[in-house]
Amino acid sequence: MKQETMIDYKKDKKRIDGRKMDESRPLKIEVGVIPNANGSAYLEWGQNKVYAAVYGPREALPKHSADPLKTVIKVEYRMTSFSVPQRKRPGPNRRDQEISKVLGEALTKAVFVEQFPNTEIGVYVEVIDSNAGSRVACLTAASCALADAGIPMRDLVSAIGVGKAFGELVVDLDKAEEDAPDAVDIPIGILPNSEEIVLLQLDGLLTDKEWEIVSKLGINACKKVYEVQKEALKRKFDLSEAMEKKDSKNVSKENISKENIDKKNVEKKEVKSVKKKVKK
Amino acid sequence: MKQETMIDYKKDKKRIDGRKMDESRPLKIEVGVIPNANGSAYLEWGQNKVYAAVYGPREALPKHSADPLKTVIKVEYRMTSFSVPQRKRPGPNRRDQEISKVLGEALTKAVFVEQFPNTEIGVYVEVIDSNAGSRVACLTAASCALADAGIPMRDLVSAIGVGKAFGELVVDLDKAEEDAPDAVDIPIGILPNSEEIVLLQLDGLLTDKEWEIVSKLGINACKKVYEVQKEALKRKFDLSEAMEKKDSKNVSKENISKENIDKKNVEKKEVKSVKKKVKK
Amino acid sequence: MKQETMIDYKKDKKRIDGRKMDESRPLKIEVGVIPNANGSAYLEWGQNKVYAAVYGPREALPKHSADPLKTVIKVEYRMTSFSVPQRKRPGPNRRDQEISKVLGEALTKAVFVEQFPNTEIGVYVEVIDSNAGSRVACLTAASCALADAGIPMRDLVSAIGVGKAFGELVVDLDKAEEDAPDAVDIPIGILPNSEEIVLLQLDGLLTDKEWEIVSKLGINACKKVYEVQKEALKRKFDLSEAMEKKDSKNVSKENISKENIDKKNVEKKEVKSVKKKVKK
Amino acid sequence: MRSTILESDIQKVVSLARDGKRLDNRQLDEMREIKIETGMSENAEGSTIVTLGNTKVIAGLKIEIGTPYPDNQDEGSISIGAENLPLAHPDYESGRPDDDEVEVARVVDRAIRESKAIDFKSLCIIKGEKVWVGYLDFYALNGDGNMFDAGSIAALVTFNNAKMPKLDAENRIIMHEYDGKLKLSRKPLLTTFVKVGGKILLDPTYLEEKAAEARFSVGTTEDGFISAMQKGVGGSFNKEEVSYMIDLAFKNSDKIRKQILKI
Amino acid sequence: MRSTILESDIQKVVSLARDGKRLDNRQLDEMREIKIETGMSENAEGSTIVTLGNTKVIAGLKIEIGTPYPDNQDEGSISIGAENLPLAHPDYESGRPDDDEVEVARVVDRAIRESKAIDFKSLCIIKGEKVWVGYLDFYALNGDGNMFDAGSIAALVTFNNAKMPKLDAENRIIMHEYDGKLKLSRKPLLTTFVKVGGKILLDPTYLEEKAAEARFSVGTTEDGFISAMQKGVGGSFNKEEVSYMIDLAFKNSDKIRKQILKI
Amino acid sequence: MRSTILESDIQKVVSLARDGKRLDNRQLDEMREIKIETGMSENAEGSTIVTLGNTKVIAGLKIEIGTPYPDNQDEGSISIGAENLPLAHPDYESGRPDDDEVEVARVVDRAIRESKAIDFKSLCIIKGEKVWVGYLDFYALNGDGNMFDAGSIAALVTFNNAKMPKLDAENRIIMHEYDGKLKLSRKPLLTTFVKVGGKILLDPTYLEEKAAEARFSVGTTEDGFISAMQKGVGGSFNKEEVSYMIDLAFKNSDKIRKQILKI
């Protein structure tokens, strides 16, 4: 779907969908949406809609995948068959495989992985609708799900796509912009408090000068994403406290599942650093 | 292969191949046809021709598939590439996978599964020619093979297809009838002595009134199948007794295979309930 | 690519590429070309170009593949996608699977497999360019790699293709000859000192009389291959001795890899029979 | 393979059932509360999220141009797939569809296909050349049992709301434009039961499924037809139990159909 | 991976062979009894069950319309597959074809293909567009060694009796109607040997195969040609042994050919 | 899964890096020696062996006729694959591409594709029907780290020397004949770094990769463009580190480009 029109952002001073150059699409996050998961999040970002769920820390399977020094974060990024304009065939493709890998690596820095040796944390992200930027949406959702699971973290991961389209450096490209003849797409994810970069990819042609500008746009935009993440986590925890013992969760989970009880004990012993930060 | 003709069973009073509405195609069963197996059966039912073999109880593999409370019955339903009008491609398809599952579940009730914890019983059924009804043919053959293997059973499983074609409720549909515009296909399997239903599926449009009638036809037809099964098992055991020590079996199996010896000991200790029933 | 011309070797007295009937294409072998491997070889044979590498004896994986009586020789024959006129798709096909099997079986007789029970020797051969005869090229290279790895062997394996084309019995068929209407292709591999045949396959139509002649051509040709193999191994060992402690090998391998040290100890304890033979 | 269900929990469910009770205090013949949302995937020709108690399923439909089967030159087709996403339950795993996923997909498919709800001839574009193929896939988002009925509701609502893609003059799809709706002549729905402790329970939870001796699903239409039946799990039903379940299935599906289709 | 063969049984076979004997009292160069049945699969264009002692194999052929290979526009083709069904032996497993299955299929294929028994040009329907493709698959029904020869006999008899599908005016297959027979200009057969305890044994049982140092198969035709050879297993043969086996293979296959083809 | 790397070796590399040193005595920003050979595969439309220290990679290109993608009717395409052959390192395994192989293939692909070095429109033969598709695959022959840069060099040299197949009058490939060369309008190259002990190291060895906290690759062109970036491994970089690496990548690739393309 190539954009053959003579769009010129420099001249128009605004983008196809009316946004300013540094303006993101609307972002909504809700945590705790999947009762079975230890932590979860649902995120809408423009047309993108994704679910994230976290299971663990739990026994690493297969056994040889365990690391005696730390927990292994296993991310599976998947898209439903109907989340893209042309039906996606079942089973992960090479793109899914690569994205799963970089998302897992991006989350690793945020988690105190040394605290749970020989275990795994399963992080599952599922795209149910998409329009450019699904990997950063998933990374943003996944880090909320990890925090929701009470997993000790040094920080959240906040991510966004920045880049170039129709002559301008822009934030949060949509599909029409990704199809621009001069499109550059740069998914970037950071630990917002330290500004450390944990996800960084680039497709397209960009000068180093442009990189200097666009990387600042990216970091600033990530920080705005961070505010939405914090807000979502806060809402959940405030709610949780209000509900306290009146927890409406799945009976089978609360009353009788041994695994969950064990897990909860583990959690209680750990400092929930992110939760603390968020509540400040 | 849609039947576009104006066939009307109600008017004709008989079926395309001349059968009465409640008449099955000819059924022949022979047990003990695969020397290597602990139990086996060959079955011809109209054009359908199937082999069934049973191996076990034996060590469950992979190990994590073992159940500490009972033996696991693993059925593999397969069709040779040339058993259907259009060549079947190698490897199980989704239909094979579903049929294997429901056949395994249907056999489970018939076997005293608690008697062999941590083991598996491998049941392999192979269709070498087909013309509607291969799954019930396989289920019928498999239960004979289990009995032939001396596995303690509460009853055999007897199965047949019933349903509707060209306006009439019929027993044992063939391919032409399954392709009728109003075709309803209902594979049904029962424990004939208790009339408990262990296999039941339905494809097509049927009223509950029709179900009440056709289910009775099915149960009655299953009982006729049971007579053929008993006859086949009886023939084999009479023969076995007659041959007694003059057993002509594979030398390697009889003389020297430790596994078989162990298995036979296990068998001897168990009540061969089905064999007893059959011999009455 | 069928050869439709009226070529007649009997009349022409020479072959398409000018060779005599019993003349092989030029053969070059170099051993020790892959630093990470315990032994390796690179071989050019006409247009054929192949690499072989040996890893082991090492722990057999998966564990159930181990044999308590001997080491298991696991050969993987593969072709790069660009080594054939029509791109080869990724992943082994049935031809690769069969060739891997027969090459492994051919090498087994040459190795004192009883000396390393419960281990495996991984032999990997990769074709990077081909023109008829890649399997015998790989077998020839693989046996040099085994010798280079210092694995105790009763003999090398020397292999070549012989057969028939355009009316004549010939040695070392190329692609044009394999496409002859009367082509017969016979890959043959022997232990050159005892003339025991360890690889033998045939495609095409040949009389037993012709076999008697062509098999002699094959054995003689294998012996010439053997000379090239010995020469290659000698060159390496002479070189090694000259360099002695000045070994330029990979630092990580020499200084610090425990596995390699263990392996080397094992090697030292074993009689390097082939090396001795070669040095004579 | 992970399994987070304890034998003691199963025994609890069994002994409750023997007394005619359930862990969540439902009646034995009571379905859990159903919520429906639609249209969340703009890239799909139809999409639905069904919440059935704690079970949550998303279904989506892509309609594409395909080639007809050789023996049905003038008919389009549908294809239904199911995935128990590892996102949805600690016991679920990724990988090729396992037996459970294949069975639930095929039973949901049969209930719709065999009801003749969709006229495959109406999906023909050019006889022998181009036909519409509808790919409906449903995914567990939270797994708490009865993927059969949740999937069946999600599939029915999705087909019922599905937009047909628009074609240009050369019969190629114009992206993001639509041309009317898919027609459904019947509204089949599955109703699923399990037998626990000798009792018949409608709409089982995940734990009740694990405690089940036997399972039974019936597809029923609003005009009095059974369109699918499927018995599962290692136990048995007698004829009376089957008749009881068929009867209950008609009543239950009539009720649900009204709710979900706003008839 | 299961393995039901004991080392002690293997040793027994080896020590018997050293004395020129076999467990089943056969001569070293004696083939087991062969029985042939044909036509059991009406859906196949040909089918055969071969019983070779305790080894039992079924082969069946489907002939379909395919597209020619780019470099052989006027030729049809054949494809041969083999499956050691888990039904046939406790050691056999299901799943993708393993090395043994691939090898036996390819050697049976070569013996026939390379003999030029089937004229691929005669399988052309429309040059560059439509050709006949024959898919022959054989399956172990009881595995007791020498799948090579059992498969080869089953394949030969099946091809020899195969019916050609009938075409309508538009070159589409008319189901269940036939138009003459497939033509076979040669009747190649494999004969397989193993070396046990230094002796050459014809037609090995499963246990003899497990005891074998080396294996050798020769495809021979009735008009004096070798059409395939295959050496297997980790041992070796010398030239004299190969000549002996080739000679014996010609004699053995002539005898079997007469029996199975009733020439 | 085998792993031959010891934790103690990793610690050694880390403590050396902290002191600004490397096991092979290189400078932190120093690339290993590069050797290039081309044309070894006559069956390929281009082939290259790159030696980068002890890392050795072969790339080869096959150009075939394919069908255009529906949304790019007048464009050909390229496809890049990578295999860490078990021949090349004791830790490498055969089987479906693992995460590492998929990532390196896709990053090498992006650096070239996104630089617009290849004009896909020039690969069109007949619009909507026939286009050229270039399959470039690279394989490790000896693995000692930095498959990214070794693969990138091998891919660039291969494309740069690639011959275009010749077509006959009916637009079919004439085997072994060629018709000019593939055109490359830019010469993009990757440069890869790792962070070990807090230091940035250019062109890591296998052991340095295992010791790395984080990895970063930049694709740069001779005319001042970044065409790809990829951060990998579980650690992080700050903005200054990224800028430092981009700067160094431009310098490093300019130097290498001169050497390998003899400009």
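Proteins come first, then strands; the chains are lettered A, B, ... in the order of their sequence lines, and each starts at number 1. Here the structure is a predicted model, which is why all the values come from computation and not from measurement.
Atom OG of residue F:S236 and atom CZ of residue A:R154 lie 9.0 Å apart, to the nearest 0.5 angstrom.
A pairwise comparison of heavy atoms in F:V102 and A:Q97 identifies CG2-OE1, 3.3 Å as the closest pair. Considering every non-hydrogen atom in both F:K239 and A:S215, the closest pair reads CE-OG, 3.0 Å.
Contact annotation for F:E7: only side-chain heavy atoms (C-beta onward) come within less than 4.5 Å of a heavy atom of chain A. Heavy atoms closer than 4.5 Å to chain A are found in the side chain of F:T221, but not in its backbone. Looking at A:I219, the atoms closer than 4.5 Å to chain F (heavy atoms on both sides) all sit in the side chain, from C-beta outward. Heavy atoms of F:P97 lying under 4.5 Å from chain A belong exclusively to its backbone. For a residue to count as touching a neighbouring chain, one of its non-hydrogen atoms must lie under 4.5 Å from one of that chain's; by this rule F:R113 does not touch chain A. If you measure heavy-atom distances from F:I246 to chain A, the contacts under 4.5 Å come from the side chain alone. Proximity to chain F (any heavy atom under 4.5 Å) is shown, for A:L191, by neither the backbone nor the side chain. With a threshold of 4.5 angstrom between heavy atoms, A:L199 approaches chain F through N, CA, C or O but not through any side-chain atom. For chain A, the nearby parts of F:D100 are the backbone and the side chain; heavy atoms of each come within less than 4.5 Å.
The residue among F:R106, F:R186, F:K116 with the most heavy atom pairs within less than 4.5 Å of chain A is F:R106. Among A:V111, A:D208, A:I197, the residue making the largest number of heavy-atom pairs under 4.5 Å with chain F is A:I197. Ranked by heavy-atom pairs under 4.5 Å with chain F, the list A:L69, A:I73, A:L202 is led by A:L202. Note: A:E212 leads A:Q86, A:E210, A:K216, A:E212 in heavy-atom pairs under 4.5 Å with chain F. With chain F as the partner, the residue from A:E195, A:K209, A:E105 showing the most heavy-atom pairs under 4.5 Å is A:E105.
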Legend entry - side-chain contact (heavy atoms from CB on, under 4.5 Å) assessment of F:K231 paired with A:V102: CA-CA 8 Å; F:K231 181 258 157 184; A:V102 296; over 6 Å; no
Inset, instruction - Apply the test side-chain contact (heavy atoms from CB on, under 4.5 Å) to residues F:F237 and A:V198: give CA-CA distance (whole Å), side-chain angles for both, the deciding distance (0.1 Å), then the verdict. - result: CA-CA 7 Å; F:F237 294 101; A:V198 291; over 6 Å; no
Legend entry - Steps toward side-chain contact (heavy atoms from CB on, under 4.5 Å) verdict (A:K101, F:E103): CA-CA 8 Å; A:K101 184 177 194 285; F:E103 186 184 23; 2.5 Å; yes
Inset, instruction - Kindly indicate, with the supporting measurements, whether the criterion side-chain contact (heavy atoms from CB on, under 4.5 Å) is fulfilled by A:L205 and F:I226. - result: CA-CA 6 Å; A:L205 281 173; F:I226 304 165; over 6 Å; no
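Salt bridge A:D203/F:R110: present, at least one basic N to carboxylate O contact under 4.0 Å.
Judged by distance alone, the side chains of F:Q230 and A:E98 do bring a donor and an acceptor atom under 3.5 Å apart. A donor-acceptor pair shorter than 3.5 Å cannot be found between the side chains of A:E196 and F:N238.
At a threshold of 4.5 Å between non-hydrogen side-chain atoms, the residues A:T207 and F:F225 count as touching.
Formation of a donor-acceptor pair under 3.5 Å by the F:E114 side chain with backbone atoms of A:G204 is found in this model.
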